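What follows is one structure encoded as structure tokens, with my remarks underneath.
None of these values were measured; they are calculated from a predicted model.
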Amino acid sequence: MTNALKLVVALISLLVIVRFLGRKELAEMTPFDIVYLLLFGGIVEETLFDSKISVLNLVFTLGVWALLIYLVEKFAQRSDKARVLLMGRPVYLIRNGKLDTEEFENNALEMEQLRIMLRQSGIFSLREVKDLFIETNGSFTINTYAKYKPATIGDLGLEEKEEHPSVLLIDEGVVKRQMLRQIGKREEWLLDSMAELGYGTVQDILYCEWSESDGFFVRTKDDTIDAGEIE
């Protein structure tokens, strides 16, 4: 009976914590997410087979565990270095058609693995790939050359233009300095650009991305949907 109660408490705790930390699909999970779920399983397993650990002890342990995860998540959101350390960073494997062999070695990735991934994405030749990232969850993001992209209405009568991958520069009012360094820009450039576009303070900007081909795409807190607008 005690074990059944512990299982119920563990299940409810997991549902509450996952909902509290945000919904994620399995494919979106980072290494940090996997570690804390494994730790959760270890905690529950130990309590089930130890009769000396009461239900209250389990609730207290899971509470401390959840608090630590929450604090780490919040700290990682505010610190680029902490986020990279805990959750990793996207890696540029192919840039402008050129392979980064050092990153291939760092990620223990073989060419045949890359070819399998490309075929699964409907790409049967490396010549089509302009840029390729390996994301923090291990998935791949691909940008193909313009001539290999399907034609759209917007292409009619227009010259083909190469697209460049966008980078996230402002996330919920926080400037992503690591991304600025990646594209060779300074924070002053970003602030001046926002001022020229009519945005007062960075804190009011919810989302800001930039690409060399398309420039800035900005959304402020005023662009969000209020609960009262939802029918």
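Side chain of D131 to main chain of N96: a donor-acceptor pair is present (N/O by atom type, distance under 3.5 Å, no hydrogens or angles). With hydrogens and angles ignored, the 3.5 Å screen pairs a side-chain donor or acceptor of S211 with a backbone N or O of D214. Without hydrogens or angle criteria, S121 side chain to I123 main chain gives no donor-acceptor distance under 3.5 Å. Using a distance-only test at 3.5 Å, with no hydrogens or angles considered, a donor-acceptor pair links the side chain of K149 to the main chain of T144. Between the side chain of D100 and the backbone N or O of E102 there is at least one donor-acceptor pair closer than 3.5 Å.
At a threshold of 4.5 Å between non-hydrogen side-chain atoms, the residues M117 and L114 count as touching. The side-chain heavy atoms of L132 and N143, taken from C-beta on, include no pair separated by under 4.5 Å. Side chains of E135 and T141 form a contact here, defined as non-hydrogen atoms less than 4.5 Å apart. No side-chain heavy atom of V64 sits less than 4.5 Å from a side-chain heavy atom of T61. At a threshold of 4.5 Å between non-hydrogen side-chain atoms, the residues Y207 and E172 do not count as touching. Considering only heavy atoms from C-beta on, L180 comes within 4.5 Å of L169 through its side chain. Side-chain contact between F104 and E110 is absent, with no heavy-atom pair separated by less than 4.5 Å. Here the side chains of V218 and Y199 are in contact, with some heavy-atom distance below 4.5 Å.
With rounding to the nearest 0.5 angstrom, the CG atom of L190 is 7.0 Å from the CD1 atom of I205. Expressed to the nearest 0.5 Å, how far NZ of K176 lies from CD of E209 amounts to 14.5 Å. Distance check: L99 CG to I94 CD1 gives 4.5 Å after rounding to the nearest 0.5 Å. Note that OG of S125 and CG of L118 are 9.0 Å apart. Values are rounded to the nearest 0.5 Å. Here the NZ-OG distance, from K185 to S193, works out to 8.0 Å after rounding to the nearest 0.5 Å. Taken from CD in E128 to CD1 in I142, the straight-line distance is 9.5 Å, to the nearest 0.5 Å.
Exactly one of E187, R186, Q182 qualifies for a side-chain contact (heavy atoms from CB on, under 4.5 Å) with R177. That residue is E187.
Transitive grouping of hydrophobic side chains (ILVMFWY, heavy atoms separated by less than 4.5 Å) keeps Y145 and F140 in distinct clusters. When the side chains of ILVMFWY residues are joined at heavy-atom separations under 4.5 Å, either directly or via intervening members, M179 and V91 end up in two distinct hydrophobic clusters. Put simply, F217 and L168 are part of the same group of oily side chains (I, L, V, M, F, W, Y) that touch within less than 4.5 Å, one to the next. Linking ILVMFWY residues whenever their side-chain heavy atoms come closer than 4.5 Å, directly or via other members, places W189 and L197 in the same cluster. Under the 4.5 Å side-chain heavy-atom criterion for grouping Ile, Leu, Val, Met, Phe, Trp and Tyr, L191 is connected to I170 within one hydrophobic cluster.
A salt bridge links R119 and E112; the closest N-O separation between the charged side-chain nitrogens and carboxylate oxygens is under 4.0 Å.
Using a 30° and 60° split on the angle between ring planes, F216 and W210 fall in the tilted class, from 30° to 60°.
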Show your reasoning for whether side-chain contact (heavy atoms from CB on, under 4.5 Å) applies to Y148 and R127. CA-CA 10 Å; Y148 295 110; R127 76 181 66 193; 3.5 Å; yes
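For M194 against C208, the heavy-atom pair with the smallest separation is CE-SG, 3.9 Å.
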